[in-house]
Amino acid sequence: GRGAMLLRCNALARGNSGIRLSTLETLLAMLNRGVHPVVPEKGSLGASGDLAPLSHIVLVMLGEGEAEYQGAVMPGRQAMESAGISPVDLAAGADPENPEYWGATGEYDQCYVEMAAIACGVVYDAVQLAKTADIAAAMTCEAQLGILSAYDPEVHALRGQQGQMLTAQNLLRLLDGSRLALTLNPDKVQDAYSIRCVPQIHGASRDAIRYVWDILSREINAVTDNPLIFPEEDKVISGGNFHGQPVALAMDFLGIALSEYANVSERRLER
């Protein structure tokens, strides 16, 4: 919820959504004072630009709905009053004579900030998982008396995949000084895939995480409302920036990448 509210503020602050300044300030006050609208996990239609999650946030801004404040769930109006925030009064469409806002044709129009907010949390966790997975793999390599030459940077430079090279470098750093994982092992020629190919497997997932990170870095600074207001050009344009396809495909890709960490981890555990 807080992530969605923050992303909404960031998009509205760009000045292309026709939002009243007082409405944006109300949303910021809710964030700063800890008024958190209750947004159901289920019940959304899942359509592009689905309005359901955002509507629950706006209900509290209007003094309706439910919100969590100081650890307790209460009626939205009670939460706003307890936090000393005045609810928003709805206003009509564009009013060129009112300097407080320009346009306002669709203050809370279609967007998918919930999707982007959840995605950001998942990517943050994915970065931590990538680090943890390398550490776990290094420990397994020691337990299996692994051969470090498979992580030699010259091997991975020949392929040139950034995530693979970074993972190999990380494994060598983690295993530096180990008395169990050695450059050579007279008892075997090479290790199983689950140990020998950690740079290739983890590295590909690292590259996927970085790709998704790049997509979301653009998305959280995007304006996804409809219509869009261009006050300097005196234009109002109806478009489709609310469509969630860029984030949806990226998150599907991330799901595939993270599952590979689980797959190879299971194989290492089996050994």
| Does Glu232 CD have over 12 foreign heavy atoms under 6.0 Å away? | no
| query | Does the Arg268 side chain pair with the main chain of Thr140, one donor and one acceptor, at a distance under 3.5 Å? | reply | no
| task | Could you tell me whether Arg8 and Asp225 make a salt bridge, using a distance below 4.0 angstrom between a side-chain N and a carboxylate O? | result | yes
| task | Say whether, by atom type as modelled, one donor and one acceptor occur between the side chain of Asn170 and the main chain of Leu166 under 3.5 angstrom. | result | no
| pair Phe230-Leu228: side-chain heavy atoms closer than 4.5 Å | yes
| said: When you measure from the side chain of Asn221 to the backbone of Ser217, do you find a donor-acceptor pair of N or O atoms at a distance under 3.5 Å? | reply: yes
| message | Give me each pair satisfying salt bridge (Lys or Arg N to Asp or Glu O under 4.0 Å) with a member in residues 191-210, each pair once, sequence neighbours excluded. | response | Asp134-Arg206, Lys188-Asp191, Asp207-Arg210
| task | May I ask you to check whether Ser205 and Glu260 show a side-chain donor-acceptor distance below 3.5 Å? | result | no
| request: Go through the steps to decide whether Val127 and Trp213 satisfy the test side chain to side chain contact (heavy atoms under 4.5 Å, CB included), and finish with yes or no. | output: CA-CA 9 Å; Val127 171; Trp213 181 290; 3.8 Å; yes
| said: Contact between Met115 and Ile118 at the side-chain level, heavy atoms closer than 4.5 Å - yes or no? | reply: no
| message | Around atom CZ of Arg159, are there more than 12 heavy atoms from other residues, nucleotides or ligands closer than 6.0 Å? | response | no
| request: Without swapping roles, check the side chain of His202 against the backbone of Lys131 for a donor-acceptor pair under 3.5 Å. | output: no
| query | Got Met30 and Met80 here, is their nearest side-chain heavy-atom distance under 4.5 Å? | reply | yes
| said: Taking the six-membered ring for Trp, are Tyr69 and His36 closer than 6.0 Å centroid to centroid? | reply: no
| Any donor and acceptor pair, going by atom type alone, linking the side chain of Ser17 with main-chain N or O of Ile19 inside 3.5 Å? | no
| Between Cys141 and Leu175, is any pair of side-chain heavy atoms under 4.5 Å apart? | yes
| query | Do Pro87 and Met61 come close enough that some side-chain heavy atom pair is under 4.5 Å? | reply | no
| field | Side-chain heavy atoms of Met165 within contact of Pro153, under 4.5 Å | value | no
| Are more than 12 heavy atoms from other residues, nucleotides or ligands located less than 6.0 Å from atom CD of Gln128? | yes
| request: Look only at the side chain of Gln144 and the backbone of Arg271, and say whether a donor-acceptor pair between them is shorter than 3.5 Å. | output: yes
| said: When you measure from the side chain of Asn185 to the backbone of Gly146, do you find a donor-acceptor pair of N or O atoms at a distance under 3.5 Å? | reply: no
| field | Under 3.5 Å: donor-acceptor pair, side chain of Asn16, backbone of Val223 | value | no
| With Gln78 via side-chain contact (heavy atoms from CB on, under 4.5 Å) - residues at least two apart | Met74, Pro75, Ser82
| Donor-acceptor contact below 3.5 Å, side chain Glu68 vs main chain Gly71 | yes
| Looking at Leu28 and Cys9, what are the two nearest heavy atoms and their distance? | CD2-SG, 3.7 Å
| Sub-4.5 Å side-chain heavy-atom contact between Ile57 and Met5 | yes
